[in-house]
Amino acid sequence: MALPSWSEARVAMLLLSALSLLSARLVGAGQDPGSAIPAESRPCVDCHAFEFMQRALQDLKRTARGLDTRTETLLLRAEKRGLCDCFHAIH
């Protein structure tokens, strides 16, 4: 069996492309116009991402405050221990 020539192959490709476009239009036309969800009622992905990032930032701030408090407490203990050691060494 002989292979088709380039011109025949081009015609076949154009025909297939036209058929696929036509079938896509027919499938799209079969949907009811009222069945699509209006944009106003769809969830906003950017809004959800923003809320998620805002909560994550708040969590990070809480963690940072906790670490600052813990560090400050440990430093005060170390200073107190150092002062106590100096005080005991003097007396």
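Owing to the predicted nature of the structure, the values given are computational and were not obtained by experimental measurement. Reckoned from all heavy atoms, side chains included, excluding hydrogens, waters and symmetry mates.
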| query | How many angstroms lie between CG in Leu57 and CZ in Phe50, if you round to the nearest 0.5 Å? | reply | 9.5 Å
| message | Return the CD to OG1 distance between Gln58 and Thr63, rounded to the nearest 0.5 Å. | response | 11.5 Å
Ignoring hydrogens and angles, write down the donor-acceptor pairs under 3.5 Å from the side chains of residues 64-80, residues two or more places apart or on other chains.
residue : atom : partner : partner atom : Å
Thr69   : OG1  : Arg65   : O            : 2.9
Thr71   : OG1  : Leu67   : O            : 2.8
Thr73   : OG1  : Thr69   : O            : 2.8

